[in-house]
Each structure stands twice: as structure tokens, then as C-alpha cells.
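As the structure is a computational prediction, the values presented were derived from the model and not from experiment.
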Amino acid sequence: DINLLSGSEVTPSLFPVNKLEAEAEIEAIREAYDNEYWRVDLALRGYNLDQILNNLENAETQQEFDEQVYTLKKITC
């Protein structure tokens, strides 16, 4: 696998998601972004908040989870 930001080769992380921290992060995202303004803003950009939250909840490795959080923060910041 290649890191698209740095161009360096990386090995995928096989560490499982820390469920306690993941649940707290998902809840924080729900509190911050689960409102009409963000739903419309994300939809206009071609994203679905429910799908993003679903991907976060179903992430099996910490790397998958972190990539989803990074994507959401990149979109919203």
C-alpha cells in the first residue's frame, strides 16, 4: 500500500478499533454534525452523513476508523 499524501509505502494497520474511544468520537461527531445545516452542506458536496457514521461504526481496524475521521474533518474544516 502507498500513502497517497507522502508517497511512501506503508503496511496496513491490523490493530482493532478501540471501541470505547470510537464510541466517544462517533458521539462527538453526532453532536457536532448531526443537524440540518451539516446534512445539507455535506449533501451538496456529495457526502452522506449517515454513510460516514455507518462506516465509522463498522470500521474493523484503527486505521480504517482514523481514515474515516480524517476524511470527515478534511471535508468540514
Side-chain angles (χ1 to χ4, degrees):
D1 290 332
I2 302 292
N3 181 326
L4 297 177
L5 297 176
S6 68
S8 62
E9 186 174 346
V10 294
T11 55
S13 171
L14 300 177
F15 294 108
V17 173
N18 181 331
K19 293 294 185 186
L20 192 59
E21 289 179 12
E23 289 173 5
E25 182 75 27
I26 291 169
E27 187 59 33
I29 290 169
R30 284 186 198 280
E31 290 175 11
Y33 299 108
D34 196 5
N35 57 53
E36 186 176 354
Y37 170 81
W38 281 110
R39 286 189 174 277
V40 170
D41 185 63
L42 290 170
L44 291 173
R45 297 175 190 217
Y47 296 97
N48 182 333
L49 182 62
D50 291 326
Q51 184 63 45
I52 294 169
L53 292 170
N54 188 41
N55 290 344
L56 288 169
E57 291 169 346
N58 294 325
E60 294 182 8
T61 65
Q62 191 64 43
Q63 181 177 354
E64 289 177 40
F65 184 84
D66 292 342
E67 287 173 356
Q68 290 294 321
V69 171
Y70 172 78
T71 301
L72 177 63
K73 289 182 179 183
K74 185 173 76 171
I75 295 167
T76 58
C77 292

Fill in: Pair Thr76-Leu42, side-chain contact (heavy atoms from CB on, under 4.5 Å): steps then yes or no
CA-CA 8 Å; Thr76 58; Leu42 290 170; 4.2 Å; yes
How close do [X] and [Y] get, counting heavy atoms only, and between which atoms?
X	Y	result
Asp34	Arg39	OD1-NH2, 2.7 Å
Lys19	Glu57	NZ-O, 4.5 Å
Tyr33	Trp38	O-CB, 3.1 Å
Ala22	Val17	CB-CG1, 3.5 Å
Leu72	Ile52	CD1-CD1, 4.1 Å

OG1 of Thr71 to NZ of Lys73, rounded to nearest 0.5 Å, is 11.5 Å
Separation between CD (Gln62) and CG (Leu14), nearest 0.5 Å, reads 12.5 Å
- So Arg45 and Ile75, side-chain contact (heavy atoms from CB on, under 4.5 Å) or not? Walk me through it. CA-CA 9 Å; Arg45 297 175 190 217; Ile75 295 167; 3.9 Å; yes
Gln63 vs Glu67, side-chain hydrogen bond (donor to acceptor under 3.5 Å, both in side chains): CA-CA, chis, key distance, verdict: CA-CA 6 Å; Gln63 181 177 354; Glu67 287 173 356; 3.1 Å; yes
Item to complete: Flag yes if more than 12 heavy atoms outside Tyr47 fall under 6.0 Å of its OH atom; otherwise flag no.
Response: no
- Mind checking whether Phe65 and Glu21 have side chains closer than 4.5 Å, heavy atoms only? no
Ignoring hydrogens and geometry, is there a side-chain-to-backbone donor-acceptor pair from Asp41 to Tyr37 under 3.5 Å? no
